Amino acid sequence: MLDLKFVRKNPALVKADLIKRGDLTKVKWVDDLLEYDKNWRKLTLETNKLREMRNKITAEIARLKKENKDVTEKTKEAKEIPLKIKRLEQKVQDYRKTINHILLNLPNLMHESVPVGKDENDNVEIRRWGEIPKFDFKPKDHIDLALNLDLVDLERAARVAGARFYYLKGELVQLNYAIIKFALDFITRKEFALFQPPYMLKRKPLEGAVALSDFEDTIYKIEGEDLYMLATSEHALLALHMDETLDGKNLPLRYSGVSPCFRKEAGTHGRDTKGIFRVHQFEKVEQFVFCKPEDSWKGHEELITNAEEISQKLGLPYRIVNVCSGDLGTVAAKKYDLETWLPGQGKYREAASCSNCTSYQAIRSNIRYRDKSGEPSKFVHTINSTLVATERVLISVLENYQQRDGSILVPPVLVPYTGVEKIGQK
RNA sequence: GCCGGGGUAGCCAAGCCAGGUAAGGCGCCGGAUUUGAGAUCCGGUGGCCCUUUGGGCCUCAAGGGUUCGAAUCCCUUCCCCGGCGCCA
């Protein structure tokens, strides 16, 4: 979320950003926020004055008792204060809750390079890599390819778990783990520290990472417990340093998480319903960086470069788009999507996503750093990016490496991991 | 899941039984001293608010209660350690 002190000083800036996002209803919230903040500060001061008075009388009583003097008079005087404090405190808390609620629902400030636009159609392509493969036959989509080779079972998955679930089978399971291991080796060489995080998180750490609407739209809740299924290891890696003040000389902290990801995919009915493109669970290797504010934009470029390098090594053509203001999401200040070419669909589709969240997650999660002892702490910046989301990569490999006979060549860099050069050879 | 012991500042800890200004040590930062380093000495070392060379409030795992006053007493929850149980 935004820093209250920042909004206090720069309300016009915050409003202008909301207009750029096309989020006009929230513009008025900024004025409301300032009003609540004013009242909150006024009552906080009053409460503190009362506390001061109480503390003084209390100390007086302690002193008199030590001298064995009568305290009934003072005690009577003191008895009246706590009730007043309690009443005021309640109001202070109410204001604070309202303020926090507004802050939690205001989106991040965007970087100036974010294109203004309404939806994904306004995203701006900034570069392409790779030759779009030419086939001397009509390329199949990943569903036909996988079903023909008996590499997935979607019907039985639907019967036992529902739509958007799948059984991966045989060599596709091997390929899946080959990609994960390949990615882990890659990111280890880049000196990222590996983490396999908890696959469930409590509400509080999650609130530090995501927009509140995500709790309804994307995140699965465990019934009867304060636990939520992990939607991405990004959330668990952020939570790792919740409420901590990091030592500035250890920054940046470069982490990589590997985990399954569980998502409700609410509101996507009718889109990408077939196959394993949009599913309720998948595996992902993630990059996550805690850094100083002045380093986050450079870091953002580094993470997308890493994701691109993986696609290049796998030989998968892709393009990078700069996601526009209307499609950006609440927490990111800027986001690149990496879209790989899918011959079966004849278009580029999202395979990875790289966001600079600036201080937005750090403030929500209360993660600071300090350069020198005695200096005031500052909020860190956080950056996250997919390295590989395995199911999306599986689709891309299947479609780009398909052969006329329906078999699939294994990308050369994966052969050491799969032990075979071709999938589905009779 | 049951029984027992715990959670105090960046870290280690005293205080809790018996309510009355959060000891002490380490680390770190700054200063003094020194040719330099070390040793020594002095000061600092979380968050918030205000009329900001200053002042005040909050902070002893979290939340509530009792009290003029709670780290200390009572209740609830979370987490850690040990033992038992269960277990891939």
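Predicted model only: the values in this text are computed from it and were never measured. Within every chain, numbering begins at 1; the chains are lettered A, B, ... in the order of the sequence lines, protein sequences first and strands thereafter.
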From CD of A:Glu77 across to P of B:rC68 the rounded distance in Å is 14 Å

Please state how far atom CG in A:Leu64 lies from atom P in B:rG69, giving the value in whole angstrom units.
16 Å

For B:rU45 versus B:rC26, give the span between their C1' atoms, rounded off to a whole number of Å.
13 Å

Kindly point out which of B:rG46, B:rG56, B:rC68 is positioned nearest to the side chain of A:Glu52?
B:rG56

Please report the distance, rounded to the nearest Å, between CG in A:Leu50 and P in B:rC58.
11 Å

If the cut-off is 4.0 Å, is A:Asn55 near the phosphate of B:rC57, judged by side-chain N/O to OP1 or OP2?
yes

In whole Å, what separates the C1' atom of B:rC3 from that of B:rG20?
36 Å

Does OP1 or OP2 of B:rC68 have a side-chain N or O of A:Lys79 closer than 4.0 Å?
yes

Rounded distance (Å) that lies between atom P of B:rA61 and atom CE of A:Met242:
17 Å

Which one is paired to B:rU72, where only Watson-Crick or G-U wobble pairs with both distances under 3.5 angstrom count?
none

Closest to the A:Arg370 side chain: B:rC57, B:rG20, B:rG47?
B:rG47

In whole Å, what separates the C1' atom of B:rU53 from that of B:rG69?
34 Å

Separation between the P atoms of B:rC17 and B:rA88, rounded to whole Å
46 Å

Nearest-Å distance once atom C1' is located in both B:rU8 and B:rG46:
14 Å

Which base sits across from B:rG24 as a Watson-Crick or G-U pair, both distances under 3.5 Å?
B:rC12

Does this structure show an ion pair linking A:Lys56 with A:Glu60, if we count only N-O contacts that are shorter than 4.0 Å?
no

How is A:Lys56 classified with respect to the nucleic acid when contacts are heavy atoms under 4.0 Å: base, sugar-phosphate, or nothing?
nothing

Distance check, C1' atoms only: B:rA9 and B:rC60, in whole angstrom units.
9 Å

A:Ile61 near the nucleic acid: base, sugar-phosphate alone, or nothing, with a heavy-atom cut-off under 4.0 Å?
base

Once the angle between the rings of A:Tyr36 and A:Tyr95 is folded into 0 to 90°, is it parallel (under 30°), tilted (30 to 60°) or perpendicular (over 60°)?
tilted

Answer with base, sugar-phosphate or nothing: what part of the nucleic acid does A:Ala78 contact at a heavy-atom distance below 4.0 Å?
sugar-phosphate

Mind calculating the distance between CG (A:Asp243) and P (B:rG10) to the nearest angstrom?
12 Å

Using purine N1 to pyrimidine N3 plus N6-O4 or O6-N4 for Watson-Crick, or N1-O2 and O6-N3 for G-U wobble, each under 3.5 Å, what pairs with B:rU35?
none

Starting at atom CD of A:Glu244, determine the distance to atom P of B:rC11, rounded to an integer number of angstrom.
10 Å

Touch check for A:Lys202, heavy atoms < 4.0 angstrom, all strands: base, sugar-phosphate only, or nothing?
sugar-phosphate

Whether A:Ser377 contacts B:rG47 is assessed here as follows: a side-chain N or O lying under 4.0 Å from the phosphate OP1 or OP2. Is that the case?
yes

Could you check how far CG of A:Asp3 sits from P of B:rG47, rounded to whole Å?
13 Å

Counterpart base for B:rG43, defined by Watson-Crick or G-U wobble contacts under 3.5 Å
B:rC29

Report yes or no: is the cationic atom of A:Arg392 (NZ for Lys, CZ for Arg) closer than 6.0 Å to the six-membered ring centre of A:Phe282, at no more than 45° off its axis?
no

May I ask you to decide whether A:Glu67 forms a salt bridge with A:Arg63, counting only side-chain N to carboxylate O separations under 4.0 Å?
yes

Any side-chain N or O of A:Lys86 below 4.0 angstrom from OP1/OP2 of B:rG65?
yes

For A:Ile85 and B:rG56, give me the distance from atom CD1 to atom C1', rounded to whole Å.
13 Å

Which nucleotide, if any, forms a Watson-Crick or G-U wobble pair with B:rU51, using both distances under 3.5 Å?
none

A:Lys5 near the nucleic acid: base, sugar-phosphate alone, or nothing, with a heavy-atom cut-off under 4.0 Å?
sugar-phosphate

Criterion ring pair (Phe, Tyr, Trp, His ring centres under 6.0 Å) on A:Phe288 and A:Phe192, from CA distance to verdict:
CA-CA 9 Å; A:Phe288 194 93; A:Phe192 281 59; over 10 Å; no

Quick check on B:rC57: is either OP1 or OP2 less than 4.0 Å from any side-chain nitrogen or oxygen of A:Arg41?
no

Whether A:His300 and A:Trp297 hold their rings parallel, tilted or perpendicular, with breakpoints at 30° and 60°
perpendicular

Ion pair check, A:Arg349 and A:Asp272, cut-off under 4.0 Å
yes

Any A:Arg8 side-chain N or O less than 4.0 Å from OP1/OP2 of B:rC49
yes

Please give the nucleotide sitting opposite B:rG4 as a Watson-Crick or G-U wobble pair, both distances under 3.5 Å, or none.
B:rC81

Quick note, A:Lys65 side chain, CB onward, closest among B:rC68, B:rC48, B:rC58 is B:rC68

Hey, which sits more toward the 5' end of RNA chain B by its nearest nucleotide, A:Thr58 or A:Asn48?
A:Thr58

Could you tell me how far B:rG25 sits from B:rU72 if I compare only their C1' atoms? Round to whole Å.
23 Å

Gap in Å between the two C1' atoms, one belonging to B:rA18 and one to B:rC12, rounded:
27 Å

Relative to the ring of A:Phe165, is the ring of A:His280 parallel (under 30°), tilted (30 to 60°) or perpendicular (over 60°)?
tilted

Nearest-nucleotide comparison on RNA chain B, the residue closer to the 5′ end among A:Pro82 and A:Gln93:
A:Gln93

What nucleic acid atoms does A:Arg54 come within less than 4.0 Å of, heavy atoms only: base, sugar-phosphate, or nothing?
sugar-phosphate

